[in-house]
Structures are given as C-alpha cells and as structure tokens.
Amino acid sequence: MTTSSIQVQVPFHRADLGEDEVKAVSEVIRSGWLTMGAKTFEFEREFAAYIGSKHAIAVSSCTAALHLALEAVGLARGDEVLVPTTTFTATAEVVTYFGAKPVFVDIDPATLNIDPRDAERKVTSRTKVIIPVHLAGVPCEMTEIAELAAQHHLHVIEDAAHALPSSYEGRRIGTLSELTAFSFYATKTLTTAEGGMITTDNEQHAKRLQMMRLHGISRDAWKRYSAEGSWFYEVQEPGYKYNFTDLQAALGLVQLAKCDRMTVAREQIAARYSSAFRSFGCFEVPTVSSDRTSSWHLYILRLHLDQLRIDRNRFIRELAERGLGTSVHFIPLHLQPAYQREYGYKSGDLPVAEREYNRSLSLPIYSGMRDEEIEHVIWAVCDVATKWSR
Ligand SMILES: Cc1ncc(COP(=O)(O)O)c(C=O)c1O
C-alpha cells in the first residue's frame, strides 16, 4: 500500500448533476408552480418515448410504483406473489400491504436474478403475480418468465429499479410486460432525488394509475388550484398520495437527456474493472449475455472464497481502509427478521442466494467518476487480492 494511494477516497455513489439541473430546477421555482403539473407530464411523455412504451406514469418512488401496479392488477388478501429473495425489501413489502404473501424464489447464479425453474416449483393455486427484478441492470430471463406467467395465468410486474436503460433481445426493459416500475432514487442511473415511474401499454391500467396516485380523484385533480382548474372534484376511489412534482420533473428531464451518455460512461468503467480483475483467480467478474444489455447500475464482484484467506466482510473492510466505499446487493430477504417472523423462512431455505450473497460486493460505478477514482478502485481491489490470495 502506498500512502498517496490511500489519500484518495472514492464514495460508493455520487450523483452526476451539474449547472443544467440547477437551472432547470430554478426555472420551476421561479414559475410559482412546484407540484405535479405541466413539467411532470412533459417528463412522462419524454420517458415513454425513450422507453418505447405507450404510457409512463410518474410517482413518488419505485415502491409507490410497485404498490400501484399491484393495486391495478387487483392483488387481494391471501394471494401469493413470487419475488426473488435477492432484492431490496421494497419489492416484497408492497405485497404485504394487501395482506398477500411474498413467496421467495431462489436465484440463477449466472445472472443473480430470479430462477424461473424455482419460480415454477413455487407456483400454487393462490399465485397471482411474479415480480422479476433486473438486479444491477442485468435483464432477467424474460422469455421463460412470460411463458411461466402465461401457463399459470400470472401478471408480470417488472421491478426495473436498476434497469434504466437495459434491453432484452433488442427491446427496452419497460416494454416487455404488463407493468414495469422504475426508480429515480438518489443513487439510481437517473435521479430526481426520490421518484419513480410505471410504464405500461395498457390503457385501463394507465387510467387507474393516474387516478390512484392522486387520492383516487378524477384525472384533472392536480389542476384544482391552478388558474384553469375548477374547485369541483370527485373521489372515485380512496387512493394514495403518490404523485410526482414539477421540481422533480425538471431534474428528470435534464437527466433523461444525459441518460445514454451516462450509460456509456458506466459501461466503460465496467470494462476497465473487468479487464483488470479477470486475471485474478479469486474474482468472478459480472457478465451480460449477448442477447441483452445492462444499465450497469451496479458492478457486483464475486469472490472465489477458496482462493482467498479472508472472507467477503474482511475484503470490504480492507477496501474501506484503502478509501473505497462499497455495498452489498442484497442480503436475501428470507434472512431478514421481519420475513422470518411472519412467514417462517430460515437460513438454508434458498441456498444459491445465500451462497452468492456471502461472496458478493458492489464497487463504485457512476458516470461522474474521475479517472483517478477509477484507477484507485482498480488499485485497491488488486492490492487486497494480491495481499490475501492463497
Ligand atoms: C430492486 C429495488 N426495487 C425497488 C426499490 C425501491 O425504490 P425507491 O427507493 O424508488 O422506492 C429499490 C431501491 O433501492 C431497489 O433497489
């Protein structure tokens, strides 16, 4: 280790924001209209055009998007929903809002995504929905999932929190299934600080989502305080307060215009990492099969623990000592106390996910990374590997 190298600190994430975002947000502030309005609808139109979906409905988070999507397909108490165990709790918690049960499915070690064969084993007469999660931006086996869904009459709601922009067999994620949920959370590939989007080609779903995101009030509810609006409204259903804001949309429009450039930057970082790490026997670098593309939201490095004298946690501590912020995606949900308590899951239930979790770590990868930061990550990872390899 050299002292000069250690002085560089690389955070796990830093949003790629500049003067264009500052200007766009300032314009909205000066306009006097902050919440959902014309900017939000412009962002929805641009997003739908970018993805290639008929509709895009902006909401306050991806969690809200998943909740509203499940509401749109009529999830009810006692229903079951297939969810990969390797995901963020948001994917499963929304299922519990309905008194329905998240049924955890093991993962395919090649992609770290939901294993369609294990999903099939877990289908029962109560299964209503499957939520594939494109972990790190790598698309799931969507053909197999669509076949499974057709065979068992399941709705497919994609959790694309990591998958902007990713594609499967030449089609953008967001155009493949009945409903797809995206996240614009602070660390995501497009950020509006907080926020989410649902894409769908289904007219009826789009109308329902537009109404339910704003208290279940008829479509023009957002206008009721504007000059052209009316004070009169009707509550069609008790809905939710999940709307987007024009402040967020201003950020989103600028970020969307930069989305391709930011993706290329992440692709290049991933390629540099992989070419540096591939020669070490202790690493398994992430790969994407040729029929799909990844957003490279995350770079998940896997360790061959039999080639190392330290475990994953110690590896992370060693990187922290070298100034690197890292993370782990994800602690399998069936190991979390809340899901164990409620549904009786225990350690050992989903062995592939547990094994991969114990040897995974996520490295910094974001479009604003400076060259010296990328070089520092490569140096730190190789230094730890050299020191602790068997
Ligand atoms: C896979 C996955 N799904 C859903 C979410 C929830 O996104 P949001 O924070 O926008 O609600 C996240 C957030 O990190 C996520 O990683």
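Each ligand, and each atom within it, is numbered from 1 in the order the structure gives.
- Applying the salt bridge (Lys or Arg N to Asp or Glu O under 4.0 Å) rule to pairs touching residues 115-136 yields D79-K128, E80-R126, D115-R117, R117-E144, D118-R121, D118-K122, sequence neighbours excluded.
- Panel note: side chain T200, backbone H205; no donor-acceptor pair is recorded below 3.5 Å.
- Listed by chain and number, residues touching ligand 1 at under 4.0 Å (heavy atoms only) are S61, C62, T63, T87, F88, A90, T91, V133, D159, A161, H162, S183, Y185, K188, G195, F330.
- Residue E19 places its CD atom among 12 or fewer non-hydrogen atoms of other residues, nucleotides or ligands, all under 6.0 Å distant.
- A salt bridge links D371 to R272: at least one charged side-chain nitrogen sits closer than 4.0 Å to a carboxylate oxygen.
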side-chain contact (heavy atoms from CB on, under 4.5 Å) evaluation trace for T263 with W296:
CA-CA 7 Å; T263 305; W296 289 104; 5.9 Å; no

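- A donor-acceptor pair is defined here as one N or O able to donate and one able to accept, closer than 3.5 Å; such a pair exists between the side chain of D246 and the backbone of T40.
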